[in-house]
Amino acid sequence: MKFMLFSATLLISLLLNYSITNSFTFAKFTEYHSLADFLEKTDSGSIAFVGNYKNRKSILTAQQFKVFSIDEPIVYSLPKSTYYMFCINHRWQDIEDPFEVDMYIGIKVLLFYNDDIPDTFIELIRNAKWKRENTDIKFTKKICAEVLGTSRYIFPRFEGNKPTSKILYDFSWKLFSEVHKKSCLEYFDCITGFAWHGEPQYSDRNSWDERGIWRQLGKNRAKVKSVLGNFINPDDFTIKAQLRKFQATSDLDSSKPVAFRFNRGQAQAAYLEIFTPSLSDFKQRYILIFNDQSD
């Protein structure tokens, strides 16, 4: 009986993978085999899938850089794995002195499921060396008290010197979009209990002032639904949102590649959006399907 149940489960999985693989025309990656080749031969801002790595340093010796196209089609197939590491080409030669200014990228990952849907949550991540200026603590405390409807408030302290993260449980994507439509950064801090937005250390670009990408979760969800149809459940998804400071380079042997990763969990598909407000609102958007038949 157990063998029959296992066989049926396996058959359903194979049929699902076959159906997904044969229902889309997947975009083709352009492949390079070293970080230097990737930095030299692709455009600034290009994004490459590197593999199942957890540590950014692994990119220095990686021999697979599968580069996404800047143009459509936007649907790519990736092999099922746990961790997915990506590298971004941060080599910009049109910047006079790239080491005198910080830039940042925003990374939005929406993970969609067929079954075994986890409790929905939003994970916020920010790397080190960010700052906030002109914070009015008294005003922040007042806003927090008003938001919570009580004299007991949550006043999250901004921790910019070290990497930081927070998981918002039972926090809907609709609410996350709504709080980004407000004009008050302190409102966001209080409603989430996390001081996430800020400015890179050597920059005057503020991620709160450039928060439009985080308002568009409904449009992102609709796009995935229109492309993938019934292959996923578009109603429940988890969100991984990242802010990462970096400095551009003019070298081919960068010892600090710009990278990010996420844990797929049991997700069947993902919507991935990367934007760099520091460079004329540079954006790239992709839909990823995870299956067992990827090359």
Side-chain angles (χ1 to χ4, degrees), residues 45 88 90 100-110 121-149 153-169 171-221 238-248 258 260 262 271-285:
I88 298 175
H90 64 305
E100 293 298 323
V101 61
D102 285 337
M103 302 180 182
Y104 79 90
I105 56 173
I107 302 145
K108 176 167 57 178
V109 181
L110 312 184
F121 64 85
I122 299 173
E123 182 180 24
L124 303 180
I125 297 173
R126 190 186 65 241
N127 64 351
K129 298 183 179 180
W130 288 67
K131 69 180 189 295
R132 275 196 189 178
E133 296 181 353
N134 302 321
T135 299
D136 187 333
I137 295 179
K138 290 184 178 180
F139 178 72
T140 301
K141 290 182 176 180
K142 179 177 181 294
I143 290 293
C144 288
E146 292 175 355
V147 168
L148 298 175
Y153 51 80
I154 299 173
F155 176 44
R157 183 177 298 277
F158 185 80
E159 299 286 350
N161 292 328
K162 59 184 180 180
T164 185
S165 64
K166 183 180 178 66
I167 295 180
L168 309 178
Y169 293 102
F171 203 96
S172 72
W173 65 266
K174 291 182 180 179
L175 179 56
F176 193 68
S177 290
E178 284 298 319
V179 296
H180 278 98
K181 294 177 182 178
K182 304 292 184 180
S183 60
C184 181
L185 173 58
E186 288 78 11
Y187 181 89
F188 176 90
D189 290 350
C190 292
I191 204 74
T192 62
F194 185 48
W196 185 48
H197 286 284
E199 299 174 3
Q201 191 174 47
Y202 300 113
S203 173
D204 59 357
R205 305 297 297 262
N206 192 302
S207 64
W208 177 254
D209 295 336
E210 299 163 327
R211 61 189 181 278
I213 184 176
W214 311 110
R215 302 171 180 169
Q216 301 170 358
L217 295 173
K219 292 182 179 179
N220 303 151
R221 170 180 171 272
T238 57
I239 301 170
K240 297 178 183 290
Q242 303 185 30
L243 294 172
R244 295 197 170 274
K245 179 199 82 73
F246 71 97
Q247 289 184 330
V258 178
F260 67 94
F262 64 83
Y271 174 88
L272 171 63
E273 183 170 344
I274 300 98
F275 74 108
T276 309
S278 306
L279 294 170
S280 303
D281 292 328
F282 174 86
K283 293 181 182 178
Q284 293 192 49
R285 307 175 181 89

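Numbers for residues simply follow the sequence, beginning at 1.
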Point-to-point distance, once rounded to the nearest 0.5 Å, from [atom1] of [X] to [atom2] of [Y]:
| X | Y | atom1 | atom2 | answer |
| --- | --- | --- | --- | --- |
| Thr276 | Ile107 | OG1 | CD1 | 8.5 Å |
| Ile105 | Gln242 | CD1 | CD | 8.0 Å |
| Cys190 | Leu185 | SG | CG | 9.5 Å |
| Lys129 | Asp102 | NZ | CG | 8.5 Å |
| Met103 | Tyr202 | CE | OH | 15.5 Å |

Say whether, by atom type as modelled, one donor and one acceptor occur between the side chain of [X] and the main chain of [Y] under 3.5 angstrom.
| X | Y | result |
| --- | --- | --- |
| Arg126 | Lys245 | no |
| Lys131 | Pro200 | yes |
| Ser203 | Glu199 | no |

Are side-chain heavy atoms of [X] and [Y] found at a separation under 4.5 Å?
| X | Y | answer |
| --- | --- | --- |
| Ile125 | Arg244 | yes |
| Phe260 | Leu272 | yes |
| Phe275 | Arg285 | no |

With sequence neighbours excluded, what pairs up with [X] under the side-chain contact (heavy atoms from CB on, under 4.5 Å) test?
| X | value |
| --- | --- |
| Ser207 | Tyr104, Trp130, His197, Leu243 |
| Lys166 | Leu168, Phe194 |
| Asn220 | Lys108, Leu110, Gln216, Leu217, Tyr271, Glu273 |

Original post:
So, for Val179 and Phe188, which heavy atoms are closest and what is the spacing to 0.1 Å?
Top reply: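 Residues Val179 and Phe188, closest heavy atoms: CG2-CD1, 3.7 Å.
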Original post:
With under 30° as parallel and over 60° as perpendicular, where do the rings of Phe176 and Phe171 fit, or are they tilted in between?
Top reply: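 Judged by the thresholds at 30° and 60°, the geometry between Phe176 and Phe171 is perpendicular.
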**OP:** Check the angle between the aromatic planes of His180 and Trp214 and answer parallel, tilted or perpendicular using the 30° and 60° thresholds.
**Re:**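 Tilted.
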Original post:
Is NZ or CZ of Lys182 both nearer than 6.0 Å to the six-membered ring centre of Tyr187 and within 45° of the ring axis?
Top reply: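 Ring-cation test returns yes.
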Subject >> Salt bridge present between Arg132 and Asp189 (N-O < 4.0 angstrom) >> reply: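 The answer is yes: the pair qualifies as a salt bridge.
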Original post:
Is Asp209 atom CG crowded by more than 12 heavy atoms from other residues, nucleotides or ligands, each under 6.0 Å away?
Top reply: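 It does: Asp209 CG has more than 12 such atoms within range.
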Subject >> By side chain to side chain donor-acceptor pair (under 3.5 Å) - contacts of Gln201 (at least two apart) >> reply: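 In terms of side chain to side chain donor-acceptor pair (under 3.5 Å), with neighbours along the sequence ignored, Gln201 is linked to no residue.
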**OP:** Could I get the full list of side chain to side chain donor-acceptor pair (under 3.5 Å) partners for Lys162, not counting sequence neighbours?
**Re:**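 So Lys162 forms no side chain to side chain donor-acceptor pair (under 3.5 Å) with any residue.
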**OP:** Sequence neighbours left out, what pairs pass salt bridge (Lys or Arg N to Asp or Glu O under 4.0 Å) with at least one residue falling in residues 211-221?
**Re:**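 Residue pairs passing salt bridge (Lys or Arg N to Asp or Glu O under 4.0 Å), neighbours aside: Arg221-Asp235.
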